[in-house]
Amino acid sequence: MNVLITGGAGFIGANFVHQTLVRHPDATVTVLDKLTYAGNEGSLADLGDRVRLVVGDIADADTVDPLVAQADVVVHFAAESHNDNSLRDPSPFVRTNLVGTFTLLEAVRRHKVRFHHVSTDEVYGDLELDDPAKFTPTTPYNPSSPYSASKAGSDLLVRAWVRSFGVEATISNCSNNYGPYQHIEKFIPRQITNLIDGVRPRLYGAGENVRDWIHVLDHNDAVWDIIEKGRIGETYLIGADGEKNNKEVVELILELMGHEPDDYEHVADRPGHDMRYAIDNSKLVSELGWSPRFTDFRSGLQATIDWYRDNESWWRPLKAEVEAKYAAQGQ
Ligand code: NAD
Ligand code: DAU
């Protein structure tokens with residue numbers, strides 16, 4: 001089996017490459033990744049000759065077409081993924097997330113290749129803190145940021161290519177991931193690496209916003225389950241019942257790293273900041289039998305902290321630039 005993994009040098013994609021080699025000992029993997037600021041070749045180091053990295057753009061049909069022609073399945077992770085960046089400059093989000101997904105869809109249509117589209121719960125907008133509801137596969141789309149709007153548009157392209165052209169595709173919408181190889185612009189690794197540097201964590205606004213945390217390896221197990229057992233044309237929501245507000249997460253990071261729980265700073269809030277995400281995973285659990293392995297957030301977070309402590313050479317070159325960008329907007 002030849003698996004084409006777009007965005008395989010990013011956070012979730014790189015973990016997926018590692019997991020694929022174990023789950024499918026017969027598989028060869030081709031990673032198509034542009035190596036933007038978010039891609040890191042170091043995340044794919046020492047994986048041997050079953051993995052080939054092609055540096056290229058998913059929006060470039062001449063690059064995409066021959067790679068798709070050789071693939072048995074395309075797993076599409078590549079995206080511009082950070083909300084704060086989409087507020088500074090939305091243009092790469094439209095190009096990569098929309099034109100890139102369109103380009104891949106046209107190639108899988110031409111070559112009749114199975115496609116899995118990795119998406120986000122942010123397409124559904126947000127929930128009130130006191131709302132008993134969670135997102136389900138039938139929740140109406142209502143994205144808030146340029147990032148989530150571009151992902152919503154990409155999901156709708158996939159649905160249309162399934163219905164109009166018979167493309168064999170599935171979609172997954174997952175909640176917030178944490179774990180190794182996550183870019184340090186994101187919430188959890190930013191605070192861990194700040195503390196390693198002796199800098200206080202930064203909480204947007206009051207810190208009451210809730211995210212539904214899942215370990216990246218659990219997300220990726222679900223993606224493989226969907227590819228292997230999911231029904232074509234279906235959308236599966238991936239989440240592990242991990243709702244926590246940002247203040248709780250920062251306090252836990254502080255405690256696990258030996259600091260007082262109130263040793264953080266409130267900084268400027270994100271414009272349009274979604275209040276709460278929450279996933280109803282019952283379709284994934286009942287239809288495909290998926291269950292999360294990392295159910296203890298405290299130990300998952302401790303392992304993640306250890307990973308950033310042990311792998312400073314992976315993130316150190318990124319830190320100054322990331323913090324300069326945040327400082328420029330009072331964050
Ligand atoms: P990431 O930013 O860490 O990685 C994205 C990767 O895509 C990088 O390696 C980058 O170089 C590559 N890329 C960007 N533009 C490209 C292009 N035009 N052509 C080829 N490669 C390109 O992102 P991530 O957090 O690993 O997210 C991966 C996917 O999962 C995204 O589609 C995202 O929307 C989705 N997702 C993420 C989360 C999360 O919590 N991080 C949750 C749900 C869904
Ligand atoms: O829900 C899935 C989404 O989760 C994915 O689609 C996105 O790709 C991924 O980046 C993530 O989006 P968020 O915007 O929720 O993640 P982020 O890590 O940027 O922020 C998490 C929460 O923490 C959010 O409420 C904003 C807040 N935050 C973030 C940073 C970087 C802070 O309070 N301080 C910070 O320094």
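Remember, predicted model here, so these are calculated numbers, not experimental data. Along the sequence shown, the residues carry numbers beginning at 1. Whatever order the structure lists ligands and atoms in, that order sets their numbers, starting from 1.
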Can you establish whether the number of heavy atoms outside E321 located under 6.0 Å from its atom CD is more than 12? no
With the threshold set at under 4.0 angstrom, would you say D33 reaches ligand 1 through any of its heavy atoms? yes
Give the residue, atom name and distance (to 0.1 Å) of the protein heavy atom nearest atom 1 (O) of ligand 2. D121 OD1, 2.6 Å
Hey, does Y326 come in under 3.5 Å of ligand 2, counting only N/O atoms on both sides? no
Would R88 count as a cation-pi partner of Y326, with NZ or CZ less than 6.0 Å from the six-membered ring centre and within 45° of the ring normal? yes
Look at ligand 1 and say whether A59 reaches it with a heavy atom at a distance under 4.0 Å. no
Short N/O distance, under 3.5 Å, between W213 and ligand 2? no
Looking at R114 and D72, is any side-chain nitrogen of the basic one under 4.0 Å from a carboxylate oxygen of the acidic one? no
For atom CG of D26, is the number of surrounding heavy atoms from other residues, nucleotides or ligands below 6.0 Å larger than 12? yes
Please indicate whether any nitrogen or oxygen in C174 is less than 3.5 Å from any nitrogen or oxygen in ligand 2. no
Quiz item: cation-pi between R202 and Y264, 6.0 Å / 45°: no
In this structure, does ligand 1 have an atom that sits under 4.0 Å from one of the heavy atoms of Y37? no
Assign the ring pair H183 / Y37 to parallel, tilted or perpendicular, where the plane angle (0 to 90°) is split at 30° and 60°. perpendicular
Out of curiosity, is K151 lining ligand 1, as in a heavy atom under 4.0 Å away? yes
For ligand 2 and H273, I'd like to know whether there is a polar contact (N/O to N/O, distance under 3.5 Å). yes
Within 45 degrees of the ring normal and closer than 6.0 Å to the centroid, is that where the cationic atom of K186 sits relative to F11? no
Report yes or no: does Q191 have a heavy atom closer than 4.0 Å to ligand 2? yes
Compute the shortest N/O to N/O distance between E185 and ligand 2 and return yes if it is under 3.5 Å, no if not. no
Counting only heavy atoms closer than 4.0 Å, does ligand 2 sit against the backbone of K186, its side chain, both, or neither? both
Heavy atom of the protein closest to atom 34 (N) of ligand 2 (residue, atom name, distance): R202 O, 2.8 Å
Any nitrogen or oxygen of Y277, side chain or backbone, less than 3.5 Å from one on ligand 2? no
So is G100 close enough to ligand 1, meaning a heavy atom under 4.0 angstrom away? no
Mind checking whether W224 and F16 have parallel, tilted or perpendicular rings, split at 30° and 60°? parallel
Any N/O pair D84/ligand 2 closer than 3.5 Å: no
Region of N176 that comes within reach of ligand 2 [heavy atoms, distance under 4.0 Å]: both
Answer with yes or no whether P92 contacts ligand 1, where contact means a heavy atom under 4.0 Å from a ligand atom. no
Measure from atom 5 (C) of ligand 1 to every heavy atom in G39, G7, A79 and give the option owning the shortest one. A79
Aromatic F165 / basic R109 pairing, under 6.0 angstrom, 45° off normal: yes
Counting from 1, what ligand 1 atoms have a heavy atom of N176 closer than 4.0 Å? 40 (O)
Angle between ring planes, H215 versus F294, binned at 30° and 60°: parallel, tilted or perpendicular? parallel
Charged N-O contact under 4.0 Å between D65 and R110: yes
Judged on heavy-atom distance to atom 18 (N) of ligand 1, which of I214, D57, I188 sits nearest? D57
For atom 4 (O) of ligand 1, what is the closest protein heavy atom, and at what distance to 0.1 Å? G10 CA, 3.4 Å
Less than 4.0 Å between a side-chain N and a carboxylate O, is that true for K229 and E287? no
If the cut-off is 4.0 Å to any non-hydrogen atom of K34, which atoms of ligand 1 fall inside it? 16 (C), 17 (C), 18 (N), 19 (N), 20 (C), 21 (N), 22 (C)
Could you tell me whether Y147 and ligand 2 have an N or O pair separated by under 3.5 Å? yes
Atom 28 (N) of ligand 2 [closest protein heavy-atom partner, distance rounded to 0.1 Å]: F187 CD1, 3.5 Å
Ignoring hydrogens and angles, state whether a donor on the side chain of R52 or T28 is under 3.5 Å from an acceptor on the partner side chain. no
Closer than 4.0 angstrom: is that true for some heavy atom of S175 and an atom of ligand 1? yes
Counting heavy atoms under 4.0 Å, the part of L35 that contacts ligand 1 is backbone
